[in-house]
Amino acid sequence: MASQQDAFKVEQNHGKSNVRVARIWKNVDESAHDFVEWNVAIKLLSDCIPAYTHADNSPIVATDTIKNTVFVKAKSCSQVVSMEEFGIILGTHFTKIYPQVTSAVIIIVEKPWDRVVVDGQSHHHGFKLGSEKHTTKVTVDKSGAIEINSGIRELAMLKTTQSGFEKYFMDQYTTLKEAKERMLATELTASWSYELRHLSDVSSKPFCFTKKYLDVKKVLVDTFFGPAKDGVYSPSVQNTLYQMAKAVLNRFPEITSIQLNMPNLHFLPVNISKNNLSVVKCEGDVYVATSEPYGTIEATLSRNMLSKL
Ligand SMILES: O=c1[nH]c(=O)c2[nH]c(=O)[nH]c2[nH]1
């Protein structure tokens with residue numbers, strides 16, 4: 001929140017980060033338990049300028065209160081809620097209850113506890129840690145205007161073939177050899193926005209955010225890899241990223257834009273020689289795995305609103 005004070009423009013917000021809440025839903029009928037672990041960060045935009053300029057703390061909602069609210073709201077969710085719904089519940093609370101709070105931003109990252117399968121059967125109360133993380137960012141304004149983003153973090157994907165990189169711009173510093181055949185590895189971070197603009201949009205048509213997250217993830221993964229046997233050729237990370245984002249926008253009309261970040265994690269062919277004699281020659285088989293440096297490739301695709309007219 002910005003304000004003009006003396007000669008200065010003051011922009012400020014406050015909140016609490018790394019509020020780690022775990023919630024179990026034990027159903028009365030003794031069926032499987034549901035469990036989530038969320039890392040919640042909250043930022044409140046509020047009329048708190050006197051606290052900064054005149055040491056007047058009276059408008060500050062203490063960050064300790066903000067933290068407590070996460071646990072109070074987790075307790076009061078008697079039914080399973082998605083992270084996005086929990087973000088809406090928190091954002092609505094802070095903007096409704098406190099006159100000085102104009103907007104609340106809630107960011108949640110879910111720890112990937114997956115239900116264990118034992119002898120082919122889903123366990124009722126056993127969970128093990130998986131890999132990629134579901135994320136969300138929910139912004140709620142006092143007016144009821146909302147922005148809801150969902151996303152994925154740390155989705156590592158690798159293919160051992162069906163990738164190349166050729167005909168790129170070359171100059172006197174270019175030493176990279178063109179490749180028709182290489183491996184491709186990345187760790188995807190994605191985030192997408194839903195066409196939900198007001199709290200009333202959410203209450204009028206209940207939205208299954210968790211299912212949507214799983215569906216979007218499947219489209220991203222399937223597009224990256226292609227069919228199981230033959231895969232799909234990637235002429236660059238850039239093109240693969242574009243195909244993945246496009247597939248999501250084509251498939252889900254309720255998503256207005258998607259941002260993908262796909263680092264190019266390099267596996268370098270191993271070629272070792274001694275006295276001009278080869279000790280190890282990479283024939284598409286032995287590589288050195290590197291973590292740095294890595295290529296950074298990211299893009300955002302949004303619907304061209306003119307194309308809707
Ligand atoms: O798919 C790629 N895109 C690049 O921009 C790039 N740059 C590079 O060195 N290797 C690759 N690979």
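Note: hydrogens, waters and symmetry copies are ignored here, and every other heavy atom, side chains too, is used. Atoms within a ligand are numbered from 1 in the order they appear, just like the ligands themselves.
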Can an N or O of Ser236 be found at a distance shorter than 3.5 Å from an N or O of ligand 1?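 Not met; the criterion fails.
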
Electrostatic pair Lys133:Glu154 at N-O distance under 4.0 angstrom: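 Yes.
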
Enumerate the atoms of ligand 1 whose separation from the nearest heavy atom of [X] is less than 4.0 angstrom.
X	value
Gln238	1 (O), 2 (C), 3 (N), 4 (C), 5 (O)
Leu176	8 (C), 9 (O), 10 (N)
Asn264	2 (C), 10 (N), 11 (C), 12 (N)

At a non-hydrogen distance cut-off of under 4.0 Å, which region of Arg182 contacts ligand 1 (side chain, backbone, both, or neither)?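 For Arg182, only side-chain atoms sit under 4.0 Å from ligand 1.
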
Answer side chain, backbone, both or neither: which part of Val237 comes under 4.0 Å from ligand 1, heavy atoms only.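 Answer for Val237: both.
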
To the closest 0.5 Å, what do you measure between OG1 (Thr223) and CZ (Arg251)?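 It is 9.5 Å, given to the nearest 0.5 Å.
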
Around atom CZ of Phe71, are there more than 12 heavy atoms from other residues, nucleotides or ligands closer than 6.0 Å?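 Atom CZ in Phe71 is crowded, with more than 12 foreign heavy atoms closer than 6.0 Å.
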
May I ask which of Phe169, Tyr294, Phe165 has a heavy atom nearer to atom 2 (C) of ligand 1 than the others do?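 When every heavy atom of Phe169, Tyr294, Phe165 is considered, Phe165 comes closest to atom 2 (C) of ligand 1.
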
Specify whether His33 and His125 have parallel, tilted or perpendicular ring planes, treating 30° as the upper limit for parallel and 60° as the lower limit for perpendicular.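 It falls in the tilted class, 30° to 60°.
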
Pairwise side-chain contact, Asp201 with His198, heavy-atom cut-off 4.5 Å (strictly under):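 In short, these two side chains touch, coming nearer than 4.5 Å.
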
Where do Tyr194 and Phe209 land on the ring-ring contact (aromatic ring centres under 6.0 Å, His included) test, with the steps shown first? CA-CA 10 Å; Tyr194 290 109; Phe209 290 103; 5.5 Å; yes

